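This report concerns only the one structure given below.
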Amino acid sequence: MDYKALMEKACEARKMSYSPYSRFCVGAALLCKNGKVYTGCNVENAAYSATNCAERTAIFKAVSEGEREFEAIAIIGGKAGEDGGFCAPCGVCRQVIAEFCDKDFKIVLGTADSVNVYTLGELLPLSFTKDSL
Ligand code: THU
């Protein structure tokens with residue numbers, strides 16, 4: 001699967017965003033090494049800290065289905081009612097990605113028309129992982 005196709009799945013997932021508080025809608029699509037794709041959206045809560053980001057929704061869905069090997073994640077975000085665009089993953093999501101993925105894991109940002117590809121190593125240098133323990 002190419003990264004633009006993965007981003008299109010992130011765009012679709014973004015439509016499911018439950019974000020009545022921030023009105024900021026995020027979608028993510030996680031590509032497993034076996035070719036399967038798990039999608040997720042942000043799910044907010046009246047107790048704000050209980051909110052789950054789109055990336056973690058996708059990762060937790062995948063891990064809870066037995067997946068452990070991941071190749072790439074596409075992420076798109078933006079205000080409700082507007083087209084999505086560049087949305088860098090938050091620090092917590094970067095840390096959760098680092099739990100399961102190597103430094104060469106690809107993080108795909110941008111829009112369905114134009115994507116930029118980063119690595120986890122670029123976005124989370126000097127990380128604390130299981131190798132640190
Ligand atoms: N959000 C994500 O889903 N992913 C990120 O990486 C950044 C932030 C969500 C959380 C919250 O629902 C909204 O965007 C505003 O922070």
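Nothing here was measured: the structure is a model prediction, and the numbers come from that model. Just so you know, ligand 1 is whichever comes first in the structure, and atom 1 is the first atom listed for that ligand. Both backbone and side-chain heavy atoms feed into the values below; hydrogens, waters and symmetry mates do not. Counting from 1, the numbers follow the sequence of the chain as shown.
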What orientation do Tyr118 and Phe86 show, parallel under 30°, tilted 30 to 60°, or perpendicular over 60°?
->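 Rings of Tyr118 and Phe86: perpendicular, as their planes differ by over 60°.
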Can you pull out the closest protein heavy atom to [atom]? Residue, atom name and distance to 0.1 Å, please.
{"atom": "atom 8 (C) of ligand 1", "answer": "Cys53 SG, 4.0 Å"}
{"atom": "atom 15 (C) of ligand 1", "answer": "Ser22 OG, 3.7 Å"}
{"atom": "atom 3 (O) of ligand 1", "answer": "Ala54 N, 2.9 Å"}
{"atom": "atom 4 (N) of ligand 1", "answer": "Glu55 OE1, 2.8 Å"}
{"atom": "atom 9 (C) of ligand 1", "answer": "Asn42 ND2, 3.6 Å"}
{"atom": "atom 11 (C) of ligand 1", "answer": "Glu44 OE2, 3.2 Å"}

So, [X] and [Y]: side-chain donor and acceptor under 3.5 Å apart, yes or no?
{"X": "Glu44", "Y": "Ser22", "answer": "yes"}
{"X": "Thr119", "Y": "Asp104", "answer": "no"}
{"X": "Ser19", "Y": "Ser17", "answer": "yes"}

Between Ala88 and ligand 1, find which residue part has any heavy-atom pair under 4.0 Å and reply side chain, backbone, both or neither.
->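 Near ligand 1, Ala88 shows its backbone, while the atoms from C-beta on stay back.
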Can you confirm whether something in the protein, heavy atoms only, sits under 4.0 Å from atom 6 (O) of ligand 1?
-> yes
dist Phe24:CZ -> Asn42:CG (nearest 0.5 Å) comes out at 8.5 Å
If we only count N/O pairs under 3.5 Å, is Cys87 in contact with ligand 1?
->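 No - when backbone and side-chain N and O of Cys87 are compared with those of ligand 1, no distance drops under 3.5 Å.
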NZ/NE/NH1/NH2 to OD/OE distance under 4.0 Å, Glu67 and Lys36 |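 Lys36 and Glu67: salt-bridged.
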Centres of the Phe105 and Phe70 rings: under 6.0 Å?
-> no
Ligand 1 atoms in contact with Pro89 (distance to a heavy atom under 4.0 Å) = 6 (O)
